[in-house]
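Sequence lines set the chain letters: A, B, ... in the order given, protein chains first and strands last, and positions in each chain run from 1.
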There are 2 protein chains.
Amino acid sequence: MNAIVTMTSQELKPQRHSRASGRVTIVDVARLARVSPMTVSRALKTPALVQLEARDRIAAAIKQLGYVPNQAASTLASAKSQVIGVIVPSLSNSVFVDTLTGIRDSLNQHGYKFLIGESSYSPEKESQLISTYLAHAPDGFLLSGIEQQDALREQLATHNVPAVRMFDLNPENGEVTVGFSHEEAGYSIARHLIERGYRQPGFLGAQLDPRMMKRRHGFRKALSEAGINPDIEVLTPAPSTVELGTKMLGQILQQTPACDAVFCCNDDLALGVLFECQRRGLSVPGQMAIAGFNDLPWSAFANPGITTIVTPRYDIGFTAAQLLIKLLRHETPETTSVDLGFKLAIRSST
Amino acid sequence: MNAIVTMTSQELKPQRHSRASGRVTIVDVARLARVSPMTVSRALKTPALVQLEARDRIAAAIKQLGYVPNQAASTLASAKSQVIGVIVPSLSNSVFVDTLTGIRDSLNQHGYKFLIGESSYSPEKESQLISTYLAHAPDGFLLSGIEQQDALREQLATHNVPAVRMFDLNPENGEVTVGFSHEEAGYSIARHLIERGYRQPGFLGAQLDPRMMKRRHGFRKALSEAGINPDIEVLTPAPSTVELGTKMLGQILQQTPACDAVFCCNDDLALGVLFECQRRGLSVPGQMAIAGFNDLPWSAFANPGITTIVTPRYDIGFTAAQLLIKLLRHETPETTSVDLGFKLAIRSST
DNA sequence: CTGAAAGCGCTTACAG
DNA sequence: CTGAAAGCGCTTACAG
């Protein structure tokens, strides 16, 4: 009777600083399973260290109560968030979506989640995103490109968060990078066009991000080496789209009517060029050869199929994530710059 | 002297349970700014409640120390994560990427972050993702479609997390939904084809998700009403791609050689059909009319331009996020089912 | 293999 | 407008 009275008075006068969330916690599970909270924690993280019988009782209690661990509490206590920050230039470019898929497939295997940020190709925005994400105490970062701001590098160093760069190569400094040589890719497209006999190939470049400029550089280098004028080109900072491709064909033909081939810095542009050629009655590749970049899903099925560079974007994401996990485990990767290469897919458009 | 000795002995014998992270905390900022940690917290969240002078000292201290608030600690203490879980069917479909952009633009204004999950059109996977995300204590969810599993509904109810559904309408139950009528969209494409005089229009359907089936239903309804055979169709559960479109044209022509128009459940398929028509020497729209769905970025620039349904996918994301924020503030939205409509873009392909 | 104690870095709920 | 105390729900670092 006394006991009941006591309970009632407790209910009427809750603790002064009480702010119970009503949420099922590890303590509730522990009580039901007749173990300590610590053992529940172990059963979840390192089951091998917990007796089978206890493990079963804990599993049953978790199920019965519908327990979901509180990630915030775990992060705070362990200083490990299991979160990776990923920064890509654009989500509307399916190239980066493929990379995210690779990252996801890799990280999921190891229990990591990731936050996705879109830098819109802006180094300033990239640095801002890093600042925001640091509040979530990410265990690591996957970044796009190797041209980050100094401020960003300092932030990473200050907070001691490892990062892996994607989409390029970085043989110079010790930063871990996974990608391929954009310069060589541009070079090989030019060589292909030259070998096919095109003598006035032009370059269509959009976005003007550093990697595109490297492709352009390789393209120009091959042309110069072959004694061909490398200055037939149209450049614009606008994002590459099919619509832009339709316009750029007009522009390059106006500048150089004898232009007989174009290397588009992305397949989007190439598709626009193809449609515009059809509209103008220019045969492809007879009157105008078209080469693209990335091998987007429709490139092989266009009419004609579009010659392009096949980029290993899924593998870049997957490999970069694997490397980052190695770094997080303080394993030393064999190499800091992984070159995944590219392939030249020759199709009917050239 | 004594003091120095004391300090030294403390350094040699750290506290038994010490696990200082080395991280700059709110306490460090408070000390430097000569206020309490509570005042720093207020300066960050509700600056109006803090004296201007103190605010300036705090801002200076934050800058000097490079303080970044610990999100995990904040979430744990306040039981608010400022995180929204977003589930979309697919990231390779740019439609959903556009929606994510709308969501981001809306949530960024209000300081929310979001976790993106890809359900691959699977209700089971959707439920799993929700379970995973609940560990992050999201303040709310944005879901795709209105056909969630009962288990998912229970989870949301148990954890008392509000959700807004996207891409469809839901006049039946009280669930908050933002989208448009897929049935009406399919109906209006059929009406357009009928009015143009096509008498054997076929339907090409991929993925077979609920919304596509509603479009098909509207399409068939209009044909039946007009006394036209609605059974010319090819259906496949495979994801819609340009490659698939090239194949499906062959299939429907094999079934029904006299088929004179196709409604493709997505513009990807329509582009494949267009390329395949070109390859087979079928004039568009003379021998084969093509209609698509979504108005992907290249649809207007194809040759010919592709007639399609323009879907308000960016606005769906933006509006859904706005509505969710209202729910989180316990404001009552004027309506639970927001119809953003669609537009029929008539171009040269029909 | 298990558990009691302390602490992670914030915010709530008070009290002034 | 400001601050001292307690607590959020975990994990670390011990000790057995």
Side-chain angles (χ1 to χ4, degrees), chain A residues 13-31 33-58 62 65 67-83 134-137 139 159, chain B residues 13-31 33-58 62 65-82 134-137 139 159:
Chain A
K13 290 193 217 164
Q15 295 297 102
R16 181 167 160 275
H17 284 283
S18 164
R19 41 179 164 138
S21 63
R23 181 172 181 152
V24 176
T25 73
I26 205 170
V27 175
D28 301 315
V29 174
R31 202 168 323 171
R34 285 171 286 120
V35 293
S36 73
M38 199 46 240
T39 300
V40 177
S41 178
R42 282 197 192 93
L44 258 27
K45 306 281 168 192
T46 50
L49 298 183
V50 177
Q51 204 186 318
L52 186 60
E53 244 181 72
R55 233 150 69 198
D56 288 344
R57 286 204 310 278
I58 290 166
I62 286 174
L65 297 173
Y67 170 69
V68 177
N70 184 325
Q71 184 62 46
S74 170
T75 299
L76 181 59
S78 70
K80 276 173 202 140
S81 63
Q82 299 284 98
V83 166
L134 281 173
H136 291 265
D139 295 341
H159 290 266
Chain B
K13 288 194 219 164
Q15 295 297 101
R16 180 169 162 275
H17 284 283
S18 164
R19 42 180 163 138
S21 64
R23 178 170 185 155
V24 176
T25 73
I26 205 170
V27 175
D28 301 315
V29 174
R31 202 169 323 171
R34 285 170 287 119
V35 293
S36 73
M38 201 45 240
T39 301
V40 176
S41 177
R42 281 197 193 93
L44 258 27
K45 305 283 167 188
T46 50
L49 299 183
V50 176
Q51 204 186 317
L52 187 59
E53 243 182 74
R55 233 149 68 195
D56 288 343
R57 287 205 309 279
I58 290 166
I62 286 174
L65 297 173
Y67 169 68
V68 177
N70 183 324
Q71 183 62 46
S74 171
T75 298
L76 182 57
S78 70
K80 276 173 202 139
S81 63
Q82 298 285 96
L134 281 173
H136 291 265
D139 295 341
H159 289 266

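Across the strands present, D:dA13 finds no partner; the criterion is a Watson-Crick or G-U wobble pair with both atom distances under 3.5 angstrom. Using the Watson-Crick or G-U wobble rule with both distances under 3.5 Å, D:dA4 pairs with nothing in any strand shown.
In this structure, CD of A:Gln71 is placed 12 Å from C1' of D:dG9, rounded to the nearest angstrom. With rounding to whole Å, B:Leu52 atom CG is found 10 Å from D:dT2 atom P. Here D:dC10 presents its C1' atom at 14 Å from NZ of A:Lys80, a figure rounded to the nearest Å. Atom CD1 of A:Ile26 and atom P of D:dC8 are 14 Å apart (whole Å). In this entry the distance linking CG of A:Leu76 with P of D:dC8 reads 13 Å, nearest Å. Per the geometry, CZ belonging to B:Arg31 stands 12 Å off P belonging to C:dC10, to the nearest Å. Atom CZ in A:Arg55 sits about 14 Å away from atom C1' in C:dT2, given to the nearest Å. In this entry the distance linking CE of A:Met38 with P of D:dA15 reads 16 Å, nearest Å.
Side-chain proximity of A:Ser74 to C:dT11, C:dG9, D:dT11: nearest is D:dT11. Taking every side-chain heavy atom of A:Gln51 into account, C:dC1 is the closest of C:dC1, D:dT11, D:dT2.
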Item to complete: List the steps and the verdict of side-chain contact (heavy atoms from CB on, under 4.5 Å) for B:Arg31 and B:Asp28.
Response: CA-CA 5 Å; B:Arg31 202 169 323 171; B:Asp28 301 315; 4.0 Å; yes
Fill in: Chi angles and distances behind the side-chain contact (heavy atoms from CB on, under 4.5 Å) call for A:Thr25, A:Asn70
CA-CA 8 Å; A:Thr25 73; A:Asn70 184 325; over 6 Å; no
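Summary of the strand contacts: B:Val68 and B:Arg42 both lie near DNA chain C, and taking for each the nucleotide with the nearest heavy atom, the more 5' one is attributed to B:Val68. Positionally, the nearest nucleotide of DNA chain D for B:Pro37 lies more toward the 5' end than for the other of A:Asn70 and B:Pro37.
OP1 or OP2 of D:dG3 has at least one side-chain nitrogen or oxygen of B:Ser36 nearer than 4.0 Å. One finds a side-chain N or O of B:Thr39 lying less than 4.0 angstrom from the OP1 or OP2 phosphate oxygen of D:dG3.
Taking 4.5 Å as the limit, some side-chain heavy atom of A:Val68 sits within range of a side-chain heavy atom of B:His159. Counting heavy atoms from C-beta outward, A:Ile62 and A:Leu44 have side chains that approach closer than 4.5 Å. Using a 4.5 Å cut-off on side-chain heavy atoms (C-beta onward), A:Leu52 and A:Arg55 make contact.
Contact annotation for A:Ala43: no contact, since no heavy-atom pair falls under 4.0 Å across all strands. No engagement by B:Ala72 is indicated, since no non-hydrogen atom pair under 4.0 Å with the nucleic acid exists.
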